[in-house]
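Quick notes on the structure that follows.
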Amino acid sequence: MTAFTVALVLVVAAAGLLRWRRPAWYWLAFGVTLAALRVLVRYRSVMDACGLTVPPARWWLSLARATNRPIPEPRPPRIRRLRPTRTGLVLRLKLRPGQDVFDIAAASDRLRHSFSMFGVTSREVRSGVVEVRMTGYDVLKRVQMPAETETRAMRVPVALREDGSVHYRDYRAIPHALTLGATESGKSVYQRNLVAGLAPLDVALVGIDCKQGVELFPLARRFSALADSPDTAAELLDALVARMADVYRLIRTQQRITVDVPDAEIAADIWDLPDELRPTPVVVLVDEVAELALYATKEEERRRDRIITDLVRLAQLGRAAGIYLEICGQRFGSELGKGITMLRAQLTGRTAHRLNDETSANMAFGDIAPDAVLAAIQIPAELRGLAIAGDASGGWHRIRAPHTSLRQAVNLCNRYAGRTPDLPELAPFRPTTGTATERVPSAKASPATA
C-alpha cells in the first residue's frame, strides 16, 4: 500500500510539473484521456445546460404516451466522431432538425467552461454537420509547428492557429495579401517564416525594402531581384508589369481554343500551361509600403503615382500571370494618397499584428470582418508575433508564427540559393552577394580621424 501511494504521488507530481513546464507533453501523456472522458460523461448535461438540445419528435411522444412509458428527454446533437489531436480534441456533431451552426458558435464560450478546455471553435463541414475543435492548452504561448504539414504548389505553412491547426499561405486561393504591424510586433518574423517556406519551392522572390535593405538583403541569395530605394522600386515594378504583359501574350498563343480541345485544357492562366512552357511564378514582398507612398516634391509625387499605379495593376491582373503580392507595413490608411484604397480592395488576405491605432485595424478588417477589428487592437505588447488573420470570406483566426531568427532564415536561403531563377526582365535588379570592400566609418570616430 505504501509503494502504491508513493507511486501515485510521483505520478501526480510529474503530471503537475508537466502541465506547468511542458503543457504539450502533459496533454499527450495525461490530458487527452482525461478530456475525452470528461466530454463523454458530461456531454448530455452540458448540451442541455447550454440550450443545444431539441424536444423529441411528436411521434416519439405519442408512442410514449400510448405505451405508458416515461416521456423522452430532449435530444442533443449526435456525436459522429471524437478524435484526439496533438493539441486538443475534434468533435464532429450531427445537428438535430431545427438546430443551426450559429447555435454552436454562440455557445462556444460556455462549452469551453463546461468541458474545462482552453478554447473551443466551430465550423460547418457540410449541411447539418459541425466540427468543434477544442484545445487543451494555450498553443500560441509557445508555438510548436507539427513535424509534418500538407505540401502543395504555392502553399506554405507560416503560423499556428489558436485551435491548434496550421495556418497556410495559399497563393493559388488568396493571391495577394496585406500584413500590418507596429514596431516590435512580430511582423518581420512572420515575413521570415514566409520567405523560409517559399525558399524550397520553384518560385522567384522579388523584394522591395526601402530601409536600405536591412530586412531583405541578408536573404539576397534566394531573391531574383531586390530594390532598396523608391527610385529602384519604381523601375523594378515597371519591369514586373512588362513581364506580366509578356506572360499574357504567351498564354494567349497557347490557349488552343478549338473544337477538339477539352474545356479543362484551355489555358486561362500559367497553371493551365504545359510544364515546359509555364513561366516561373513570382512573389513580390514589399517590406514598408508607406515609404513608397510618401513624397515631398513634385518629382517624388510623380514617382509615387507611378509606383502605386503599378502595384494596383499587378494586384488586379497579376494572378493569372503568376505574380503575387505581399504588402507589409506599419501603417496603412487613406492618408497615404489616392490609389491606396483601390490597392487594398485587391488584397484578399489580411494579417494584422499589434497596431498603434484603430484606423489601421479598420483598414485591414473593416471591409471584410468588423469583429476582427476589436481583436486586432486588443493584442498585448508582450505577445510578439500574435496576429489576427482574415480574408474576404469574413472569417478570421488568431495566429502566431514560430520564432525564426534572421540567422536561421539566412541559412535556409543560402541552402536553397541554387533554386533562385534567373529572369531576364529582372536581371538588372539581381542582388550582388559578394563581400563589400568599402569601409564604413565608425560613428564614434572623430572627423579628423574618420
Side-chain angles (χ1 to χ4, degrees), residues 145 149 151-159 168-169 171 177 179 186-240 242-243 247 270 278-289 291-292 314 318 321-329 401-440:
M145 299 291 286
T149 56
T151 57
R152 196 185 304 170
M154 301 304 297
R155 184 171 184 258
V156 296
V158 292
Y168 292 92
R169 179 69 179 93
Y171 289 94
T179 302
K187 177 170 56 69
S188 298
V189 175
Y190 177 86
Q191 192 177 58
R192 289 174 204 158
N193 278 276
L194 191 60
V195 174
L198 291 170
L201 304 182
D202 293 325
V203 60
L205 299 181
V206 174
I208 297 177
D209 183 4
C210 291
K211 294 185 294 186
Q212 296 298 314
V214 296
E215 291 286 350
L216 296 181
F217 268 76
L219 316 175
R221 294 192 62 188
R222 186 55 185 87
F223 276 74
S224 298
L226 277 172
D228 61 354
S229 66
D231 292 328
T232 310
E235 298 176 2
L236 176 56
L237 290 173
D238 287 342
L240 286 171
R243 173 182 171 81
V247 173
I270 66 169
R278 181 180 302 138
T280 303
V282 179
V283 175
V284 183
L285 294 101
V286 180
D287 184 66
E288 185 52 69
V289 66
E291 287 298 318
L292 301 178
L314 292 174
I323 299 177
Y324 309 102
L325 297 181
E326 285 286 342
I327 307 295
C328 303
H403 180 71
T404 301
S405 65
L406 184 58
R407 169 51 60 189
Q408 291 173 325
V410 169
N411 292 342
L412 195 62
C413 289
N414 292 342
R415 184 191 311 171
Y416 294 104
R419 304 186 74 93
T420 305
D422 290 319
L423 304 182
E425 307 92 338
L426 306 181
F429 310 97
R430 183 71 183 264
T432 57
T433 57
T435 303
T437 58
E438 181 181 359
R439 182 178 180 272
V440 179

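All residue numbers in this chain count up from 1 along the given sequence.
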Minimal non-hydrogen separation, Cys210 against Leu292, with atom names
SG-CD2, 3.4 Å
Does Arg222 count as lying over the ring of Tyr416, i.e. NZ or CZ under 6.0 Å from the six-ring centre, within 45 degrees of the axis?
no
From CA spacing to verdict: side-chain contact (heavy atoms from CB on, under 4.5 Å), Arg152, Tyr168:
CA-CA 10 Å; Arg152 196 185 304 170; Tyr168 292 92; over 6 Å; no
Quick one: closest heavy-atom pair of Leu423 and Ala204, and the distance?
CD1-CB, 3.8 Å
Looking only at heavy atoms, which two atoms of Val286 and Gln191 are closest? And how far apart?
O-NE2, 4.4 Å
Flag the pair Leu426 / Leu240 as yes when at least one side-chain heavy-atom distance between them is below 4.5 Å, and no otherwise.
yes
Minimal heavy-atom distance between Ala199 and Arg419, with the atoms involved, is O-CD, 4.0 Å
Distance (rounded to the nearest 0.5 Å) between Lys187 NZ and Asp287 CG
5.5 Å
Interatomic distance, Tyr171 atom OH to Glu326 atom CD [nearest 0.5 angstrom]
3.5 Å
Counting C-beta onward and ignoring hydrogens, is there a side-chain heavy-atom pair between Thr404 and Leu412 closer than 4.5 Å?
no
What's the spacing between Asp422 CG and Thr280 OG1 if we round to 0.5 Å?
10.0 Å
Close side-chain approach of Phe223 to Leu285, heavy-atom, < 4.5 Å
yes
With a 3.5 Å distance limit and no angle check, can you tell me whether Ser224 reaches the backbone of Pro421 through a side-chain donor-acceptor pair?
yes
What's the separation between atom CG in Asp202 and atom OG1 in Thr420, rounded to the nearest 0.5 Å?
11.0 Å
Donor-acceptor pair, distance only, cut-off 3.5 Å: does the side chain of Arg221 make one with the backbone of Asn414?
no
Is it true that Asn411 and Arg407 share a donor-acceptor pair across their side chains at a distance under 3.5 Å?
yes
Pro279 versus Arg243, closest heavy-atom pair with distance
CB-NH2, 3.8 Å
Are any of the side-chain heavy atoms of Tyr324 and Leu198 separated by less than 4.5 Å?
no
How many angstroms lie between atom CZ of Arg430 and atom CG of Leu226, to the nearest 0.5 angstrom?
9.5 Å
Quick check for you: to the nearest 0.5 Å, what is the distance between Arg192 atom CZ and Gln408 atom CD?
9.5 Å
When you measure from the side chain of Arg169 to the backbone of Val156, do you find a donor-acceptor pair of N or O atoms at a distance under 3.5 Å?
no
What I'd like to find out is whether the side chain of Leu194 reaches to under 4.5 Å of the side chain of Thr179, using heavy atoms alone.
no
Looking at Phe217, is its backbone amide N or carbonyl O close enough to the side chain of Asp209 to form a donor-acceptor pair, meaning the two atoms are under 3.5 Å apart?
no
For Cys413 and Val195 the tightest heavy-atom approach is SG-CG1, 3.7 Å
Do Leu219 and Val410 have side-chain heavy atoms sitting under 4.5 Å apart?
yes
